[in-house]
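One is the number of the first residue; the rest follow in order along the sequence. Quick caveat, the model's predicted, so the values are computed rather than measured. Only this structure's heavy atoms are used, side chains among them; waters, hydrogens and symmetry mates stay out.
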Amino acid sequence: MLALPRALPDEIDRVARLHLLDAIGVAVAGSRLGPARALPAAPRAQGPCTVLGTGTGTGPAEAALVNGTLVHSLEYDDTHTASVMHGSSVLAPAVLAAAENDGVNGADVVRSFVAGWEVLIRLGLAAPSGFQRTGFQGTSVAGPIAGAIAVGVLSGLDRTALIDAVGVAASFSAGNFTFLSRGATSKAAQAGIGAQAAISAVALVRGGITGAPDVLEGERGLFGLYARDPEAASRLAALSNDLGSRWHLADAAFKALPCCHFLHPFVEAVATLDASPVGIRRILCRVPEGQEQIIALPWARKQAPARADEARWSLPYVLALQVVRGAVVLDDFLGAPDPAVLEMAGRIEWEPWQGSGYPAVFPAAIEVEFTDGTTRTVQVDDVDGGVRRPWDATRVTGKFLDNCARADVAPDQAEKFSDALTSAASPDFSTLRSLVVTAG
């Protein structure tokens, strides 16, 4: 885990900065919109670590908790699709809080962020979609461990202390999918808890607490307990052999829509129809096996969510949004569900899709029956923004600036921060507090 070079390859450094920028922009938007928008105003102790969107500071553990929750609150944060990990929602808040607390320079922040991502992805690849199959969000199970590695690297822990940090961080692993059954918003906090756990694990090790070195192994280890896959620890060891030479972060996908990443290719497929609701009799969706528990079950609840923000994980509602409104945007998940969208969602059905290629790819396939009796089949092979369809810097920066605009951050401050993070040899993260929400 100490095999990373002192200087990152130029392309990985560039990509990492874009993922940091994206996470910060999503958090700033989350401070104005979505289920966590009241969180930054909650009482807290003063400290050196920025609460994104506020211009104020608190202690490192609380900053990591709040900011991680904000990043994940809109379902607009990045995903490494093959490992199904939302890395930046845990890692960006953790390393930014640690850096501000310890006064670390920007180049080391980027390097530690990459270290955490590379570990997190390998944890997911060792048991592909395994955590999700047992009812846990992989990010909140593996995030504390990868976050502790990132914060530990940034803090200069030696190998022995890093192993202790992994062992301690595993005590924080949690985060199940029960929120889906009643539309609770606790999933947002799971990323924040992971970021807070990373800070806390390193602090505990610094204070003398040790962790079990075999915490990942066996039936009672991380993979055995959370993925029911004790052999995954051996696969992780093999996957770690190329740490420092194989860069998985380059494959992580940015999100174009503020909803579950599984839904994005379905929305894209529907968007190609260019048809109004009155022209569509029925849409049948083929859902990749392994995704149905999140976006399709229970179907009656997915067709009629109680609140608009619950619909971020609803295949029929989000597809109906695209049909009825012609787009899926942040405002669609505020307030109550739209009756017209609910009516359209009632005409959408699903069936399981074995052999879809998931989780290596996030595909979608739909069959549409039109009211004139014709039919059409559309398939999207993988999600926009991923390794097969990557975004350029202009698109990532545009999303960041749009998110800042949604939060009424002064445009010149947003542009200045974006330019500095993406262009400076050693970015100055002390300017985080310039991204202040300026209106109520």
message = Between N67 and L52 (side chain of the first, backbone of the second, donor and acceptor by atom type, cut-off under 3.5 Å), is there such a pair?
response = yes
query = Is there a donor-acceptor pair under 3.5 Å between the side chain of E100 and the backbone N or O of T50?
reply = yes
task = Might you work through the side-chain contact (heavy atoms from CB on, under 4.5 Å) test for V267 and L319, ending with a clear yes or no?
result = CA-CA 6 Å; V267 172; L319 292 198; 3.9 Å; yes
task = Sort and list the pairs that fulfil salt bridge (charged side-chain N to carboxylate O under 4.0 Å, His left out) and have at least one residue in residues 380-401, not counting sequence neighbours.
result = D22-K399, E268-R389, D382-R388, D384-R395
message = I need the full list of salt bridge (charged side-chain N to carboxylate O under 4.0 Å, His left out) pairs touching residues 329-350, with sequence neighbours left out, sorted by first then second residue.
response = R282-E349, R325-D332, R325-D338, D331-R406, E343-R347
query = If you look only at pairs with a residue in residues 53-96, which of them pass as a ring pair (Phe, Tyr, Trp, His ring centres under 6.0 Å), with sequence neighbours excluded?
reply = H72-H86
message = Holding to salt bridge (Lys or Arg N to Asp or Glu O under 4.0 Å), I want the full list of residues that pass it with R122, two or more places apart in sequence or in another chain.
response = E118, D242
message = Quick check: closest heavy atoms across R220 and L225, and the distance to 0.1 Å?
response = O-CD1, 3.1 Å
ask   = Which residues pass the salt bridge (Lys or Arg N to Asp or Glu O under 4.0 Å) test with R14, sequence neighbours left out?
value = E11
query = OG1 of T134 to CZ of F223: how many Å apart, nearest 0.5 Å?
reply = 12.0 Å
task = State which residues pass side-chain contact (heavy atoms from CB on, under 4.5 Å) with A250; sequence neighbours excluded, sorted by chain then number.
result = I12
key: Side-chain donor-acceptor contact under 3.5 Å, D78 with S88   = yes
task = With sequence neighbours excluded, tell me which residues meet side-chain contact (heavy atoms from CB on, under 4.5 Å) with T58.
result = R44, V51, E62, A63
query = With sequence neighbours excluded, what pairs up with D251 under the side chain to side chain donor-acceptor pair (under 3.5 Å) test?
reply = R246
Flag, side chain of S31 to backbone of V28, donor-acceptor distance under 3.5 Å = yes
request  = Look up atom OG1 in T422 and atom CG in D13, then write down how far apart they are to the nearest 0.5 Å.
outcome  = 10.5 Å
message = In the structure I gave you, are the side-chain heavy atoms of F136 and N176 within less than 4.5 Å of one another anywhere?
response = yes
Sidechain-backbone polar pair: H264 side chain, C259 backbone, donor-acceptor under 3.5 Å = yes
task = Report the distance from atom CD of Q291 to atom CZ of R286, rounding to the nearest 0.5 Å.
result = 12.5 Å
query = Hey, is the main chain of A345 close enough, under 3.5 Å, to the side chain of Q303 for a donor-acceptor pair?
reply = yes
task = Measure across I348 and C285 and return the closest heavy-atom pair with its distance rounded to 0.1 Å.
result = CG2-SG, 3.9 Å
For E310, all residues meeting salt bridge (Lys or Arg N to Asp or Glu O under 4.0 Å), sequence neighbours excluded = R301
ask   = Hey, are the side chains of L65 and I193 touching, using non-hydrogen atoms and a 4.5 Å cut-off?
value = yes
request  = Mind jotting down which residue pairs meet the ring pair (Phe, Tyr, Trp, His ring centres under 6.0 Å) criterion with at least one end in residues 166-205? Sequence neighbours excluded, please.
outcome  = F177-F179, F179-W313
Reported OG1-to-CD1 distance for the pair T210 and I163, which is rounded to 0.5 angstrom = 12.0 Å
task = Check for a donor-acceptor pair, side chain of Y226 on one end and backbone N or O of S173 on the other, with a separation under 3.5 Å.
result = yes
ask   = By side chain to side chain donor-acceptor pair (under 3.5 Å), which residues pair with D164, not counting sequence neighbours?
value = none
key: I294 backbone acceptor or donor facing K302 side chain under 3.5 Å   = yes
key: Qualifying residue for ring pair (Phe, Tyr, Trp, His ring centres under 6.0 Å) with H19, from F400, F113, F254   = F254
query = Taking Q190 for the side chain and A188 for the main chain, is one N or O donor matched with an acceptor at less than 3.5 Å?
reply = no
request  = For the pair S73 (side chain) and L70 (backbone), establish whether a donor and an acceptor sit closer than 3.5 Å, ignoring hydrogens and angles.
outcome  = yes
ask   = Can you check whether R37 reaches R32 side chain to side chain, under 4.5 Å on heavy atoms?
value = no
request  = State the CG-CZ distance between L257 and F266, to the nearest 0.5 angstrom.
outcome  = 13.5 Å
query = Under the 3.5 angstrom rule, does the side chain of R312 hit a backbone N or O of P258 as a donor-acceptor pair?
reply = yes
task = Measure the NE2-OG distance between H248 and S83 for me, rounded to the nearest 0.5 Å.
result = 9.0 Å
ask   = Got a sec, which residues hit salt bridge (Lys or Arg N to Asp or Glu O under 4.0 Å) with K255, two or more places apart in sequence or on another chain?
value = E75
